[in-house]
Amino acid sequence: MSWNEKQDYFVSWDELQRAARELARLQLPATQWRGIIAVSRGGLVPAAILARELNLKQVETICVSSYDHQDQREQVELIKDAAVSEDGEGFLVVDDLVDSGNTFRYLRTRFPKAKFVTIYAKPKGAALVDNYVIDVAQERWIHFPWDMIAQYETPMAGE
């Protein structure tokens with residue numbers, strides 16, 4: 001198997017920050033936004049970067065579950081709703097990734113007037129996002145920096 005055929009995509013902190021800043025740039029001018037709704041957990045770090053870059057102080061969270069580790073479920077479970085009673089107008093809904101689109105399909109019913117943004121988009125879900133920065137093949141599994149630790153690896157030829 002060649003390097004390009006591997007199904008894992010590892011994201012560094014630097015790559016994530018650069019991509020999140022590009023996503024923030026696409027949301028200018030910042031004065032059009034009342035705040036951010038971060039989709040927990042994956043959207044927490046990107047939302048923090050967008051909040052900083054857009055100088056937004058109101059950051060809400062909505063907690064949903066659509067995965068069992070690496071297996072995606074059909075049903076999205078609402079664990080905690082965002083403290084935004086309206087239809088989401090003036091808010092950015094931020095997540096790290098849109099995969100099948102189940103989560104954003106669900107959240108669009110809750111916040112029909114919000115703008116939905118994510119850093120990474122897979123083909124099945126890309127149409128459900130208003131802005132994203134990086135295309136990822138559907139079969140790739142993305143490893144985010146908050147899920148990994150750097151550690152020493154023994155050289156292939158030995159020490």
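Heavy atoms only: backbone and side chains are in, while hydrogens, waters and symmetry mates are out.
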- Message: Leu92 and side-chain contact (heavy atoms from CB on, under 4.5 Å): which single residue from Leu54, Ile37, Asn131 fits?
- Response: Leu54
- Query: In terms of heavy-atom contacts, does CZ of Arg41 have more than 12 from other residues, nucleotides or ligands at under 6.0 Å?
  - Reply: no
- Query: With a cut-off of 6.0 Å (strictly less than), are more than 12 heavy atoms of other residues, nucleotides or ligands near CZ of Arg105?
  - Reply: yes
So, the side chain of [X] versus the backbone of [Y]: is there a donor-acceptor pair under 3.5 Å, distance only?
X: Thr118; Y: Asp96; result: yes
X: Lys122; Y: Arg140; result: yes
X: Lys80; Y: Thr61; result: yes
X: Asp130; Y: Val117; result: no
X: Gln32; Y: Gln27; result: yes

Hey, are the side chains of [X] and [Y] touching, using non-hydrogen atoms and a 4.5 Å cut-off?
X: Ile134; Y: Glu15; answer: yes
X: Arg34; Y: Glu86; answer: yes
X: Leu16; Y: Trp146; answer: yes
X: Trp141; Y: Gln7; answer: no
X: Leu23; Y: Leu50; answer: yes
X: Leu78; Y: Arg110; answer: no
X: Tyr132; Y: Val98; answer: no
X: Ile62; Y: Phe111; answer: yes

Indicate the atoms forming the closest heavy-atom contact of [X] with [Y], along with that distance.
X: Val11; Y: Met148; answer: O-CE, 3.5 Å
X: Ala38; Y: Leu44; answer: CB-CD2, 4.0 Å
X: Val94; Y: Ala47; answer: CG1-N, 3.8 Å
X: Glu53; Y: Ala24; answer: CB-CB, 3.7 Å
X: Glu60; Y: Val84; answer: CG-CG2, 3.6 Å
X: Glu22; Y: Val133; answer: CG-CG1, 4.0 Å

- Message: Please determine whether residues Val76 and Leu107 belong to a single hydrophobic cluster, defined as Ile, Leu, Val, Met, Phe, Trp and Tyr linked transitively by side-chain heavy-atom distances below 4.5 Å.
- Response: yes
- Query: Should Phe10 and Leu97 be counted in the same cluster of Ile, Leu, Val, Met, Phe, Trp and Tyr side chains packed under 4.5 Å apart?
  - Reply: no
Mind checking the [atom1]-[atom2] spacing from [X] to [Y]? Nearest 0.5 Å is all I need.
X: Glu139; Y: Tyr9; atom1: CD; atom2: OH; value: 14.0 Å
X: Ile119; Y: Arg21; atom1: CD1; atom2: CZ; value: 12.5 Å
X: Asn55; Y: Lys57; atom1: CG; atom2: NZ; value: 4.5 Å

- Message: Parallel, tilted or perpendicular, judged at 30° and 60°: which one describes the rings of Phe116 and Phe104?
- Response: perpendicular
- Query: Stepwise, does the side-chain contact (heavy atoms from CB on, under 4.5 Å) test hold for Trp13 with Val45?
  - Reply: CA-CA 10 Å; Trp13 284 109; Val45 173; 4.0 Å; yes
